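Chain letters run A, B, ... following the sequence lines, proteins first and then strands; every chain starts at 1. Treat the numbers as computed from the prediction; the structure is a model and nothing was measured.
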Protein chains: 2
Amino acid sequence: MTRELPTPLLMFIAHRAAEGSIFTALRDAGFTDVTQAQGRLLAGIDPTGTRLTVLADRAGIAKQTATALVDKLEAAGYVQRVPDPGDGRARLVRLTGRAEAMIPVARAEEQRIEGEWAAHLGPRRMRQLREALTQLREITDPYVGQ
Amino acid sequence: MTRELPTPLLMFIAHRAAEGSIFTALRDAGFTDVTQAQGRLLAGIDPTGTRLTVLADRAGIAKQTATALVDKLEAAGYVQRVPDPGDGRARLVRLTGRAEAMIPVARAEEQRIEGEWAAHLGPRRMRQLREALTQLREITDPYVGQ
DNA sequence: CTAAATTGGTTCGATTCACGAACCAGTTCG
DNA sequence: CGAACTGGTTCGTGAATCGAACCAATTTAG
């Protein structure tokens, strides 16, 4: 009999499983040199490029950490830093072709997981889950500015 | 306008906020020398003591990592290792009085968060959220044996 | 009932993650 | 213009993480 676990812990368990699956799928697809922390950062980069501080906020890490992660990603050829035309101080972190090649893989695994979860919960409950989580974001996401 | 985020990411956001709050509450209560990773491990120790490998499984980390974390927790006086009467190889990690003193603080903050979330979602949706997450555990928790 | 395989745990070594503090170069504000 | 702020980097340090190898106790196979 499973005891009642705290809601945040339940989220942790499910999230960890999903992230692990995506990580494994990417590894199996040949992207063996991306770590989970680097992957989380990559996931925050928009198609037009994103500033480092924004990436740090999205991932919930300090900007120094983001600098180090981007350094590695750049060395591995997944991103490049280009000057931000709108602000001389800033630079935009852009995905390279190599990184873009991993997007379909990640998306596919993501879809597979969502499907698996929906199959287990049923469409109604899955929808309820997503609605509740999305609404919860209003009070738990420090980075509401998306 | 917020785009549709993947379900696992939504969980990550909420979980991170909750864990951060509990961590801060503990720090404010004077438990300044416990890190988040150590706290996650502590949370997995039952009142009667728990084996290291079980703790590692619950936290989703390698046993070497658990050894290192328990080393630090033991040095800081939060746990102690006692022989497992049922198995000569094993030892049980037990909470000390100092660690037990932090339980009420963590529980209280946990309750506050659950209450805050329930207030934001409404009781019905909060219940749906917990039910869905609990059911999801059946296919996402590698450590079902609890 | 011994020998082999398994299990609980530790040690070693190396990599990664993470952040405070300090700093520089641009930008914005008064 | 000068002050305050913002985007980013560098430096130094501590924490987390795990593969590999190992030991001791237990369980399993023959």
Side-chain angles (χ1 to χ4, degrees), chain A residues 12 16 19-20 23-24 27 31-45 49-76 78-94 142-143 145, chain B residues 12 16 19-20 23-24 27 31-45 49-76 78-94 142-143 145:
Chain A
F12 175 69
R16 184 180 57 194
E19 195 178 56
F23 185 69
T24 302
R27 228 179 11 78
F31 301 99
T32 56
D33 53 351
V34 180
T35 67
Q36 299 212 24
Q38 291 168 17
R40 273 195 289 270
L41 210 72
L42 276 180
I45 304 178
T50 308
R51 291 190 189 170
L52 188 115
T53 48
V54 173
L55 289 183
D57 283 347
R58 286 185 185 168
I61 57 178
K63 57 181 179 176
Q64 306 98 299
T65 308
T67 297
L69 291 174
V70 169
D71 283 349
K72 300 220 169 125
L73 285 169
E74 192 167 32
Y78 286 104
V79 303
Q80 55 184 43
R81 287 181 243 228
V82 301
D84 183 335
D87 189 329
R89 296 165 296 183
R91 303 156 82 180
L92 293 177
V93 180
R94 295 268 286 268
Y143 186 75
Chain B
F12 175 69
R16 183 179 59 193
E19 194 178 59
F23 184 69
T24 301
R27 232 182 5 82
F31 301 99
T32 56
D33 53 351
V34 181
T35 67
Q36 299 211 24
Q38 291 169 18
R40 273 195 289 268
L41 209 73
L42 276 180
I45 303 179
T50 308
R51 290 190 189 170
L52 189 116
T53 47
V54 173
L55 288 183
D57 283 346
R58 286 185 185 167
I61 57 178
K63 57 181 180 177
Q64 307 98 300
T65 308
T67 297
L69 291 175
V70 168
D71 283 350
K72 298 210 172 139
L73 286 169
E74 192 166 32
Y78 285 104
V79 303
Q80 56 184 42
R81 287 180 242 227
V82 301
D84 183 335
D87 190 327
R89 296 165 296 182
R91 302 156 83 180
L92 293 177
V93 179
R94 295 269 284 269
Y143 185 75

Participant: Checking B:Ala68 now: which residues fulfil side chain to side chain contact (heavy atoms under 4.5 Å, CB included) with it, not counting sequence neighbours?
Facilitator: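 Partners of B:Ala68 by the side chain to side chain contact (heavy atoms under 4.5 Å, CB included) criterion come out as none, since no residue qualifies.
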Participant: Out of D:dG8, C:dC17, C:dT11, which has the shortest distance to the side chain of B:Thr67?
Facilitator: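 Nearest listed nucleotide: C:dT11.
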Participant: A:Arg27: what forms a salt bridge (Lys or Arg N to Asp or Glu O under 4.0 Å) with it, not counting sequence neighbours?
Facilitator: none
Participant: Please enumerate all residues that pass ring-ring contact (aromatic ring centres under 6.0 Å, His included) together with B:Phe12, with sequence neighbours excluded.
Facilitator: A:His15
Participant: Treating primed atoms plus P, OP1 and OP2 as sugar-phosphate and everything else as base, which nucleotides of nucleotides 19-30 of chain C get B, S or - for protein heavy atoms under 4.0 Å?
Facilitator: BBB---BBS---
Participant: Which nucleotide, D:dG7, C:dG9, D:dT17, lies nearest any side-chain atom of B:Arg51?
Facilitator: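 The answer is C:dG9.
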Participant: Grab the stems for DNA chain C, please: at least three consecutive Watson-Crick or wobble pairs, both distances below 3.5 Å, written as range with range.
Facilitator: C:1-30 with D:1-30
Participant: Kindly write out the residues that satisfy salt bridge (Lys or Arg N to Asp or Glu O under 4.0 Å) with A:Arg51, not counting sequence neighbours, or none if the list is empty.
Facilitator: A:Asp84
Participant: Applying side chain to side chain contact (heavy atoms under 4.5 Å, CB included), can you list everything that pairs with B:Gln64, at least two apart in sequence or on another chain?
Facilitator: B:Ala62
Participant: Identify, with sequence neighbours excluded, every residue that meets salt bridge (Lys or Arg N to Asp or Glu O under 4.0 Å) alongside B:Arg40.
Facilitator: B:Glu19
Participant: Using the side chain to side chain contact (heavy atoms under 4.5 Å, CB included) criterion, which residues pair with A:Asp57? Sequence neighbours excluded.
Facilitator: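 Residues passing side chain to side chain contact (heavy atoms under 4.5 Å, CB included) with A:Asp57: A:Tyr143.
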Participant: Taking OP1 and OP2 of C:dG9, is either one under 4.0 Å from a side-chain nitrogen or oxygen of B:Thr53?
Facilitator: yes
Participant: Let me spell it out: for each of B:Leu92 and A:Leu69, pick the nucleotide of DNA chain C with the closest heavy atom. Which residue's pick is nearer the 5' end?
Facilitator: B:Leu92
